[in-house]
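Since we're looking at a predicted model, the values are computed, not measured. Quick note: numbers below take in every heavy atom, side chains included, and nothing from hydrogens, waters or symmetry partners. In what follows, chains are A, B, ... by sequence order, proteins preceding strands, each numbered from 1.
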Amino acid sequence: QNASEIKIVLPEQPANLEPCGTIITNVGQILSRNVVEPLTIIDPKSGQPTSGLATEWKQTDPNTWQLKLREGVKFQDGAAFNAEAVKFSIERMTGGKLTCSNIAKFGNAKLTVTPIDDLTVEIKSDTPQPILPTLLSVVMIVSPNTPADKAVNDPVGTGPFKLSSFTPQTVVLEAFDGYWGEKPAIARASYVWRPESSIRAAMVETGEADLTPSIAIQDATNPETDFAYLNSETTAIRIDAGFAPLDDVRIRKALNLAIDWNGLAQLFGEDVQRASQMVVTGINGHDDKLAPWAFDAEKARALIAEAKAAGVPVDTEIELIGRNGIYPNGTEAMEAMMAMWQDVGLNVKLTMLDVNDWLRYLQKPFPESRGPNLLQMMHDNNKGDAAFTVPIFYTSGGSYSTFNDAAFDKEIADAMAATGEDRTAKFKAIFAKVHEELAVDIPMFHMIGYTRVGSRLEWKPDITTNSEIPLANIGLKD
Amino acid sequence: MTASDKPILRIDGLTVDFLSEGDPVRAVDNVSFDVCPGETLVILGESGSGKSVSTGTVMGLIDCPPGDIVSGTLVFDGTDLSRLDNEGRRELNGRRIAMIFQDPLAYLNPVYTVGRQIAEVFESHGAGEGGAMRGRVVRLLERVGIPEAETRVDYYPHQFSGGQRQRVMIAMAIALEPDILIADEPTTALDVSVQAQILDLLRDLQRETGMALIMITHDLEVAAAMADRIIVMNAGKVVESGRAEDVFTNPRHSYTRRLMSAVPHGDPKKRSRPVEQEVLLQVAHLSKHYKLGSGPFAPKREFKAVDDVSFTLRRGETVGIVGESGSGKSSIARMLLRLNEPTSGSALFAGEDIFKLEGRALNGFRRKVQMVFQDPFGSMNPRMNVRSIISEPWAIHRDILPRQRWNERVVELLELVGLKPEHAERYPHQFSGGQRQRIAIARALASEPELIVCDEAVSALDVSIQMQVIELLADLRQRLGLSYIFITHDLPIVRQFADRILVMQRGKIVEEGETEALFVSPRHEYTRALLNAVPQPKWLQRDPTPLAG
Amino acid sequence: MTELTLPSVKSPGALRQLAIYLTRDKLALCAAVFLLVLIVCVLVGPLFVGELAGKLGLRQRNLPPFALEHGFIYILGADTLGRPILARLIVGAQNTLGIAAAAVFCSMAVGGTLGLAAGYSERWYSHVILRLADVVMSFPSLLLALIVLYTLGPSMTNLVIVLAITRMPIFIRTARAEVLELRERMFVSAARSMGAGSGRILFRHIAPLVLPTLVTIAAIDFATVILAESSLSFLGLGIQPPDFTWGAMVANGRGYLKTAWWIAFWPGLAILLTTLSLNILASWARTVADPLQRWRLQSLRKAPR
Amino acid sequence: MMLGYIGRRAYHSVISVIGLLTLVFFLTRLTGDPSALYLPLDSSLEARQAFARLNGLDQPIYVQFFQYLHNLLSLDFGQSLRQNRSAIEVALEAFPATLKLAVVAMTLSIALAIVVGALAAARPGSLFDRIAGLVSLAGASTPDFWIAIVGILVFAVGLGVLPTSGTGSGLHWIMPIFVLMLRPFGLLVQVVRGTMISALASPFIKTAHAKGMKRRKIIFGHALRNSLLPVITVAGDLATGLINGAVVVETIFGWPGIGKLMIDSIIQRDFAVVQSTILVTAIAIFIVNIAIDLLYAVLDPRIRY
Ligand SMILES: Nc1ncnc2c1ncn2[C@@H]1O[C@H](COP(=O)(O)OP(=O)(O)OP(=O)(O)O)[C@@H](O)[C@H]1O
Ligand SMILES: Nc1ncnc2c1ncn2[C@@H]1O[C@H](COP(=O)(O)OP(=O)(O)OP(=O)(O)O)[C@@H](O)[C@H]1O
Ligand SMILES: [Mg+2]
Ligand SMILES: [Mg+2]
């Protein structure tokens, strides 16, 4: 094996290599910033957008942004990178002729792209977009020669690597000579996939592979090669506040108090962080000072007793809906939590569902037949702003929301329109209110991912690793 | 022929038990005999007296356990057979000692062509390989009188008639011209003329190669025709032995005397006058064509096994069917029982066409007609003991006998056919050939039918038991008006038992007539050949001229 | 076994006779004893350890086996939530054996019967049965499970139905193959000529000869079904936490084979021993049922020499 | 006659496959709307509706079905939602990997099982018999993923003699084949042993001994041939099981086969791919079954169709 060739084992086969689907983990990890590049790149530490293919940007009015594009960039097929190419890529994404996952980040915003000159574009939207530069980090720029009405498996972008082959066994990327930036240390990378974490770990251990993201905690046994990283995922239980007894805030608080959080944390490894809100540190709007609920079974019992005294039907069966395979040890966690809730006297019953069945409970419209229920879920916001979290969870119309409060909706709309410090403060206030007053969910943990990196490589995972593994950042030892 | 005096096989004090949870069954009790090269030793004896078991031990074919050779020495040409290892035994079997089994269908592998099974004898002893053997196999089949041997080598055992299978067995046994041939009732399924041909063949072989022959038979005429010496067995013991002529002319032991006097001689009193004129069965233009093909992809051709046969049977009457082996007798029987569909023709039973019966009517008919199969072993479920086998008709037709009487009746039937009550708990494989045949007869009688089709029903029985069974059948006919279709090769028996006789050859009825008339003045040439083919005692034979046929 | 294969079953000493045969085959005896113990565990075990099996012990997660400081019940170690594996094995036996036995029995009984019919008859339904078997064979069991889950909802009965249906073709086809040959045997003709109906011929004459093969397959299928069940519960059909089966325990432990092998090992061993015992008993029963082989289990008394 | 039979079977099979496809088409639609699965969790209801419209999922189901049938006529089996290409292409691309594995694993396990089973049957109760029984049963009732992972940990990580997974050299075949063989081997050994014991007690075996045939030839020529019917039937069933996907092996060892594809497509509700994979495997399975039925007639001349 050539020294500058590396092999990466992913947990899953990418179903396709459509650059418009890079927010899907296994597509993004291969394509993002390797084959195709976005206009902006989120800085993992600050959560702020930094220059990508766009070098500068300014907001000309609440609905309009102007971007300056990088000079001297060429697509891997020789086409020139310019304002027209940006227009093409964005229109391809928003055109609705192909299924594009990345567009979801934009909600229902309608974008109009106008080239000003060769390297300047203007992006207008129908609603104010205070964080458009952040959003643009999911816009992957593809060659204008890409079919506009068809999803592709042979993406052509501006990145340091170009796709060499894609078979059911492997994806191979090769360095692109005409890359605008620094020449990466790695010349060739092949990706294979094995779902079993222990096998992936073994492959790096035996030297068959050089890197594998997301191995299970029990396989991360070698401190030399195994790196933990906060992976931007937050686990939680959603409380369906529309049904008694869950419509009573005392019961919702009791649910939070009844869990032996330290004990539960053992399932996810010593590095997990107890969560008090649905976004991780570094995301605009995260409130460091918000203290998570602590374990206090006595208090939980007292709250339940109080609610019972007030006529709340606390004995009603509450369905805890879990999803198989949602995250490692997810089922065990549900079993444990169920046991703990039963311990304080709540009648919780666990049902584990397959993804599609579970989705019916996650997203509106919810099934008619549901009763009081708790839903296991996981939220991943690595896009730097609480705007990707708050509306869908807490507005009346939010697609995950079981909560209905017009006043609160207004508060959220305010925060969404705000910018700068004001925006941060408003989101913090919202998280605080959700946590202390409303208690409509049970945030569990900010999860930790483990990556095993072979001894040849110079690389450390960070919060973005779940969505991209830029090969250009990987160095080779000696 | 020159019989040397030094025995090639000597058996001394052989005792064989069959073990089970209870007391062991002694099948062979201190039996000793020997046979010299070129000599023919005939073993006569009661059915179940241990003939097959004692000869089986010579080949090492008794499973031990549950068989148990308690004592005895078997010396073949100087080697002690009981000391031989597998390889030594293998060397002898088939090449120097060969055996013709009593029950040819069960003893042929159903999934290989007969040609291949015969060729294996050669292959096993390095006498030749596969394809080259074909010619030799065909010649062997021709020698034992299989017609169209060239094509028939490629057929499977189930495509042969009973007698043909027996001849295949014989061909297999004589393939390597063994030093000693053990023939366990080799001619029971053969008509007299083929039988004569086979006996000649065996004699020729003896003359040419000095083969010693141990022959087990119930047919006293055959015994007389072949034997140099005779031993008589009864209940596991040798009760008499001596030169053939002496034993025949001057039997000493009471069993032997009984045997000799039981020879049927067309005693007409066993024959019935049909009490009624009512026609029970009317067969018209019955034909059966078998589709033949050696492999699944080979082209098919037709073979006319039964060709336009018509006859009638009146209530209380017995029709005997005799004829060439392979002439379609069993095929007729099977069609009459609706086991094979006829190619064409009709058969009216009590006015109704058998071939059109369905459902209930068919069941009713089957209750009234029973069959004793030519191959009794195969016709019994190996997982059922004799009690279940015999009581099965009552389980099927609930009105025949109330359940509480079943056990009693089973014992009764067993005794009627000369078996013991304790046999009821045994399974078919634990019996001798003749005993199985009697179980089959008992089963046929159990359902109290109106017509019994007996396909070689008494061929494996020794003469005394044969008489007992025939008398039983005759008695039933007399008392209950039973009718019989009696297929046999044993001419004295049909002469004694049948009212009318059909003679078959190549699928056709060539002659039909009242028994006595037919025996006295046969018209068809084939019938005459049959009647003349009765073998002569050996001690009267001047020179063995080929028999007419 | 039917009345015909073991004719003595009706007589009072029949059970004793079977017991005697059992003592003659030491391995079969061990197997029977093991299964008996298992059945006792299933019946009374949950009364004693039912509580413990569900009791969380997050601080003794993945406790290794043979450490006694937490009490005897932890002798086999603890699982990922620190629950004693021994207690869980005992409690899990009930669901495991219940589901597997029901599914295997149903598929054998129904599949066997359909196979007998398909092999014996040449009527249209024989073809229909066979083509249905082909269709079931080609139909992914996972898909079937999902469909049942979505249309009928999860339940034990549905789980058994899904498992039974997916395992059925092997019984149909095997039974049929045997019948194809057996029906050409003479004793079948003989029975027919006596007026025996198809039912009697099939169940009294042919079935006893087909059954041993089916039982052999069923005994091994037991393990297959236990493991298949665990993969179906992943879809949400069938046993759901906090209920569990051995198969689910094995599946839970698969991620820990390197670090905590005992989590998957003990339930795996339990499945193995159960299947092994069933097979040994099946082969013993085969010997008992076959008159030609039964002597192997009899004490043969030789005559004095 | 034989050709006629094949023709009839082919005709019936085509009808069955069409029935199967219809069944699959409608039943898969009962397992829920796929749109939610294809879009990010936080996408809007409108986005999901747009997705449904784009992929024709908003049409009434019978319209979709007629569209499907219509497309079938022009050999268009639909587009994979997940993979952006023709579904049949996806299925056909995955099939050879599975087929190769299945053929090698089945051939080896049949051959090995016949030898081991026959030798065990030759001396029932002997040491060899007992050991062969235990080993084969242990293999058949151990969870395959357990064996696979432990095998990797031992041979690849511990000893370093085999690659962990993947395809390529001959060494890559060893572990997958071994894991795949366990169950077929175990089951077949038991079936061979059982039927051989009965066959060896047949009278024609005595004839073979009387002919002086070699023991080996008697066992493998005469007894085996007479007990092959159930053996090839069970082998056929196991083979179809493998054709339907050696899921565990494909997943763990990274063989891009049809089993994994099928499971993924089912879970992802990629209907066109589900239908296409089922079509491909069903054709293979029907062919296997026809071949086996023909083999019956070749093996046993008494069986005629
Ligand atoms: N496997 C067995 N188990 C128990 N008893 C058996 C077994 N085989 C044979 N016998 C008994 O041994 C005795 C001798 O049988 P054998 O077959 O030698 O008789 P035979 O003289 O050949 O009779 P036949 O003329 O009827 O063929 C018979 O009483 C039979 O019932
Ligand atoms: N299944 C079959 N397939 C082909 N040919 C057959 C089949 N059964 C019988 N035959 C042939 O049909 C002819 C008649 O057979 P059948 O059994 O009726 O003769 P048989 O008169 O009973 O002879 P035997 O006295 O030898 O028993 C024989 O030549 C035989 O080879
Ligand atoms: Mg005999
Ligand atoms: Mg005949």
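- Atom OG1 of D/Thr233 and atom CD of C/Glu178 lie 7.5 Å apart (nearest 0.5 Å).
- Contacts between D/Val17 and chain C at a heavy-atom distance below 4.5 Å are absent for every atom of the residue.
- Atom CZ of D/Phe155 has 12 or fewer neighbouring heavy atoms from other residues, nucleotides or ligands inside a 6.0 Å radius.
- Residue D/Thr142 forms a side chain to side chain contact (heavy atoms under 4.5 Å, CB included) with just one option from C/Val250, C/Leu272, C/Leu269, and that option is C/Leu272.
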Handout entry: side-chain contact (heavy atoms from CB on, under 4.5 Å) between C/Lys258 and D/Ile149, worked out
Key = CA-CA 9 Å; C/Lys258 198 169 174 193; D/Ile149 296 177; over 6 Å; no

What side-chain donor-acceptor pairs closer than 3.5 Å can you find for residues 163-172 of chain C, not counting sequence neighbours?
| unit_1 | atom_1 | unit_2 | atom_2 | d |
| --- | --- | --- | --- | --- |
| C/Thr166 | OG1 | C/Val162 | O | 3.0 |
| C/Thr166 | OG1 | C/Leu163 | O | 3.0 |
| C/Arg167 | NE | C/Asp221 | OD2 | 3.0 |
| C/Arg167 | NH2 | C/Asp221 | OD1 | 3.0 |

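- Across every non-hydrogen atom of D/Trp146 and C/Leu257, the tightest pair is NE1-CD2, 3.4 Å.
- The distance from atom CG of C/Leu130 to atom CG of D/Asn289, rounded to the nearest 0.5 Å, is 9.0 Å.
- Residues C/Leu146 and D/Arg269 have side chains in contact (heavy-atom distance under 4.5 Å, counting atoms from C-beta outward).
- Considering only heavy-atom pairs separated by less than 4.5 Å from chain C, the leading option among D/Pro230, D/Ser16, D/Ser13, D/Gly133 is D/Pro230.
- No side-chain heavy atom of C/Leu292 sits less than 4.5 Å from a side-chain heavy atom of D/Ser198.
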Practice task
Begin from the C-alpha positions of C/Arg173 and D/Thr240 and carry the test side-chain contact (heavy atoms from CB on, under 4.5 Å) through to its verdict.
Solution key: CA-CA 12 Å; C/Arg173 291 193 55 87; D/Thr240 59; over 6 Å; no

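- For the set D/His12, D/Arg193, D/Arg302, D/Arg29, the entry with the most heavy-atom pairs within less than 4.5 Å of chain C is D/Arg302.
- A donor-acceptor pair under 3.5 Å links the side-chain atoms of C/Arg286 to the main chain of D/Gly194, judged by distance alone.
- Of the atoms belonging to C/Thr174, heavy atoms from both backbone and side chain fall under 4.5 Å from chain D.
- When the candidates D/Val157, D/Ile303, D/Val288 are compared by the number of heavy-atom contacts under 4.5 Å with chain C, D/Ile303 comes out ahead.
- To the nearest 0.5 Å, atom CG of residue D/Leu30 and atom CD1 of residue C/Ile147 are 6.5 Å apart.
- Contact annotation for C/Phe265: both backbone and side-chain heavy atoms come within less than 4.5 Å of a heavy atom of chain D.
- D/Ala140 and C/Ile220 make their closest contact through CB-CG2, 4.1 Å (heavy atoms, listed as atom of the first residue, atom of the second, distance).
- In this structure, OG in C/Ser277 is found 10.0 Å from CG in D/Leu137, a value given to the nearest 0.5 Å.
- Once rounded to the nearest 0.5 Å, the distance linking OG1 of C/Thr151 with CG of D/Leu27 reads 8.0 Å.
- Between chain C and the options D/Leu187, D/Ile197, D/Asp300, D/Leu134, the largest number of non-hydrogen pairs under 4.5 Å is found for D/Leu187.
- Here D/Thr31 is the residue among D/Ile278, D/Thr195, D/Thr31 with the most heavy-atom pairs under 4.5 Å with chain C.
- Contact count versus chain C (heavy atoms, under 4.5 Å) is highest, among D/Leu229, D/Thr277, D/Ile283, for D/Leu229.
- Using a 4.5 Å heavy-atom cutoff, the side chains of C/Arg254 and D/Ile252 are in contact.
- Proximity to chain D involves both the backbone and the side chain of C/Ile217, based on heavy atoms less than 4.5 angstrom apart.
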Problem - side-chain contact (heavy atoms from CB on, under 4.5 Å) between C/Arg131 and D/Arg9, intermediate numbers included - result: CA-CA 10 Å; C/Arg131 294 300 81 75; D/Arg9 272 300 291 274; 3.2 Å; yes

Handout entry: Chi angles and distances behind the side-chain contact (heavy atoms from CB on, under 4.5 Å) call for D/Asp293, C/Arg176
Key = CA-CA 10 Å; D/Asp293 283 351; C/Arg176 165 178 172 261; 3.0 Å; yes

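- Nearest heavy atoms, D/Ala138 versus C/Leu276: N-CD1, 4.4 Å.
- In this structure, the side chain to side chain contact (heavy atoms under 4.5 Å, CB included) partners of C/Ser138, at least two apart in sequence or on a different chain, are D/Leu20, D/Ala282, D/Ile285, D/Phe286.
- Going from atom CG of C/Asn279 over to atom CD of D/Gln190 covers 5.0 Å, rounded to the nearest 0.5 Å.
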